[in-house]
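Let me begin by presenting the structure, written as structure tokens, before commenting on it.
Side chains are part of it too, since the values below use all heavy atoms of this structure and drop only hydrogens, waters and symmetry mates.
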Amino acid sequence: MVGRRASRLAPYRHYTRHYARVGRTQYFARHSPRALHPRYSHALPPQPRQLPGSRLEHNCDRLRTIDIKQPKEFFSMKIRPEQPSENHSVENLVRESFWNVYRPGAMEHYVLHRLRNDPAFVRELDFVMEKDGRIIGQNVFVRAKIHSDDGVDIPILTMGPICIAPDFKRQGYGKKLLDFSLERATALGYGAVCFEGNIDFYGKSGFTFARSFGIRYHGLPEGEDDSFFLCKELQPGYLDGRSGEYATPDCYFVCQKEPDAFQAFDAQFPPKEKRRLPGQLFET
């Protein structure tokens, strides 16, 4: 029976290789010889119950109408650790991604450059996203702390810069990179992540307002808008019964502390026009 089923479904065999691997196999993939291999069988969903008198072709047609949310473009994408030889190209990617977004020009590429030599930098969580041999995204983490109200420092992580190449934005790559990074941070035993971001995007990956954990943002007066200050528990209950204040690590302010070094570093990259645009948060 397996041979007859597989022969009937031969036109769809090119789907089997991909969907069996990512765990989104359609019903017909289960009946191909490749799907029965132990390497892929763990990724298959539970066997759907087949009604008496129903036919395989009917079930296949029915299940092929399911909206597959795993575009083919993701099959050539991988996330891996950044290599030292890629530092400059990754910094250029960050510069291109952030240019004229939050301010005229960008500072994030110099921040990343200096973060790599900071003791708080987590090298095990320095990732790049590669597609068809091109690096299209990156993310990094830095050790931080919450100064709790009882006087004990709570170790956490902060994140970023995180970015996707401009021509790949709003296609789902950013969330995939973010979710992968957070899973690896969780696996390494880190308890929580705090940082500044947009809840509309980061909320899809489990972030919420830090105030819900009783965490305040350093220097922000009470009653001021703190919707930019986000937090995610990586270990459930890690922040239970705790409250305190978070301050962005000093290593993120290197451009303000080292303006001449920043300008000299930026001059190593192709010239770009700085523009003042609506929606930017900073004037310089």
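For the pair K175 and D179, the salt-bridge criterion is met [side-chain N within less than 4.0 Å of a carboxylate O]. Between E130 and R80 there is a salt bridge, with a side-chain nitrogen of the basic residue lying less than 4.0 Å from a carboxylate oxygen of the acidic one. One finds no salt bridge joining E245 and K145 here, because no Lys/Arg side-chain nitrogen approaches an Asp/Glu carboxylate oxygen to under 4.0 Å.
No side-chain heavy atom of V142 sits under 4.5 Å from any side-chain heavy atom of V122. For the pair P81/R123, no side-chain contact is recorded, criterion being any heavy-atom separation below 4.5 Å from C-beta on. Two residues are said to be in side-chain contact when any heavy atoms from C-beta on lie closer than 4.5 Å; F213 and I146 fail this criterion. Residues C231 and T208 are not in side-chain contact: their nearest non-hydrogen atoms beyond the backbone lie 4.5 Å or more apart. With contacts defined as side-chain heavy-atom distances shorter than 4.5 Å, the pair F209/D226 does not qualify.
For the salt bridge (Lys or Arg N to Asp or Glu O under 4.0 Å) condition, no pair includes a residue of residues 190-210, sequence neighbours left out. Within the structure, the salt bridge (Lys or Arg N to Asp or Glu O under 4.0 Å) test picks out no pair touching residues 182-195 (sequence neighbours left out).
With rounding to the nearest 0.5 Å, the separation of CZ in R114 from NZ in K257 is 9.5 Å. We find the CG-NE2 distance between N92 and H88 to be 6.0 Å, quoted to the nearest 0.5 Å.
Partners of A264 by side-chain contact (heavy atoms from CB on, under 4.5 Å), not counting sequence neighbours: none found. In terms of the side-chain contact (heavy atoms from CB on, under 4.5 Å) criterion, residue partners of D167 (sequence neighbours excluded) are, by chain and number, R134, A165. Scored by the ring pair (Phe, Tyr, Trp, His ring centres under 6.0 Å) test, Y110 finds F262, F265 as partners (sequence neighbours excluded). When the ring pair (Phe, Tyr, Trp, His ring centres under 6.0 Å) test is applied to F141, no partner is found at least two apart in sequence or on another chain. Every side-chain contact (heavy atoms from CB on, under 4.5 Å) that L188 has, sequence neighbours left out, goes to E124, L125, Y190. In this view, F253 satisfies the ring pair (Phe, Tyr, Trp, His ring centres under 6.0 Å) rule with no residue, not counting sequence neighbours. For the side-chain contact (heavy atoms from CB on, under 4.5 Å) test, residues two or more places apart in sequence or in another chain that qualify with A106 are F98, W99, E108, H109. Under the ring pair (Phe, Tyr, Trp, His ring centres under 6.0 Å) criterion, F121 pairs with no residue at all, not counting sequence neighbours.
Smallest separation of non-hydrogen atoms from L177 and C163: CD2-O, 4.0 Å. Summarising the geometry of I164 relative to K169, their closest heavy-atom pair is O-CE, 3.2 Å, with the distance given to 0.1 Å. Of all non-hydrogen atoms in V90 and I135, the two that sit nearest each other are CG2-CD1, 4.1 Å. Heavy-atom minimum distance, L115 versus C251: CD2-SG, 3.5 Å. The two residues F207 and L182 come nearest to each other via the heavy atoms CE1-CD1, 3.8 Å.
Close placement of the F180 and F127 rings is indicated, their centers lying within 6.0 Å of each other. Under the 6.0 Å cut-off for aromatic ring centres, F195 and Y202 qualify, their centroids lying closer than that.
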Test side-chain contact (heavy atoms from CB on, under 4.5 Å) applied to N87 and H113, step by step: CA-CA 8 Å; N87 287 357; H113 177 74; over 6 Å; no

Check against side-chain contact (heavy atoms from CB on, under 4.5 Å), T186 and Q235: CA-CA 7 Å; T186 302; Q235 309 297 335; 3.7 Å; yes

Ring pair (Phe, Tyr, Trp, His ring centres under 6.0 Å) evaluation trace for F228 with Y217: CA-CA 10 Å; F228 64 90; Y217 192 79; 5.0 Å; yes

Step-by-step side-chain contact (heavy atoms from CB on, under 4.5 Å) determination, M77 to D132: CA-CA 7 Å; M77 176 273 294; D132 298 326; over 6 Å; no

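In terms of modelled atom types and a separation under 3.5 Å, the side chain of R143 and the main chain of P119 share a donor-acceptor contact. Judged by distance alone, with hydrogens and angles left aside, the side-chain atoms of R103 form a donor-acceptor pair with the main-chain N or O of T284 at under 3.5 Å. Remark: the backbone N or O of G105 is paired with a side-chain donor or acceptor of N100 at under 3.5 angstrom. Remark: the backbone N or O of P161 is paired with a side-chain donor or acceptor of Q138 at under 3.5 angstrom. Checked by atom type and distance alone, the side chain of S97 never pairs as donor or acceptor with a backbone atom of L93 at under 3.5 Å.
Connection of Y102 to F229 is not established within any shared hydrophobic cluster, with ILVMFWY side chains joined at heavy-atom distances below 4.5 Å, either directly or through further cluster members. Y252 and L112 fall within a single hydrophobic cluster, where Ile, Leu, Val, Met, Phe, Trp and Tyr side chains are chained together by heavy-atom contacts under 4.5 Å. I199 and L281 are assigned to two separate hydrophobic clusters, defined by single-linkage of ILVMFWY side chains at heavy-atom distances under 4.5 Å. Tracing side-chain contacts under 4.5 Å through hydrophobic residues (I, L, V, M, F, W, Y), one reaches V193 starting from I79; they form part of the same cluster.
Annotation for Q256: atom CD counts as buried by contact number, over 12 foreign heavy atoms lying within 6.0 Å. More than 12 heavy atoms of other residues, nucleotides or ligands lie within 6.0 Å of CZ in F168, so this atom counts as buried by the packing criterion.
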Kindly list each side-chain donor-acceptor pair under 3.5 angstrom involving residues 149-159, sequence neighbours excluded, with atom names and distances?
{"from": "D149", "atom 1": "OD1", "to": "R216", "atom 2": "NH2", "distance (Å)": "2.8"}
{"from": "D149", "atom 1": "OD2", "to": "R216", "atom 2": "NH1", "distance (Å)": "3.4"}
{"from": "D149", "atom 1": "OD2", "to": "S243", "atom 2": "OG", "distance (Å)": "2.7"}
{"from": "D150", "atom 1": "OD1", "to": "S148", "atom 2": "OG", "distance (Å)": "2.3"}
{"from": "D150", "atom 1": "OD1", "to": "V152", "atom 2": "N", "distance (Å)": "3.2"}
{"from": "D153", "atom 1": "OD1", "to": "H147", "atom 2": "ND1", "distance (Å)": "2.8"}
{"from": "T158", "atom 1": "OG1", "to": "C194", "atom 2": "O", "distance (Å)": "2.7"}
{"from": "T158", "atom 1": "OG1", "to": "Y246", "atom 2": "OH", "distance (Å)": "3.1"}

Contacts under 3.5 angstrom, residues 269-279 side chains, donor-acceptor by atom type, not counting sequence neighbours:
{"from": "K272", "atom 1": "NZ", "to": "E96", "atom 2": "OE1", "distance (Å)": "3.3"}
{"from": "R276", "atom 1": "NH1", "to": "Q280", "atom 2": "OE1", "distance (Å)": "3.1"}
{"from": "R276", "atom 1": "NH1", "to": "F282", "atom 2": "O", "distance (Å)": "2.9"}

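A cation-pi contact links R242 to Y238, judged by a cut-off of 6.0 Å to the six-membered ring centre and 45° from its axis.
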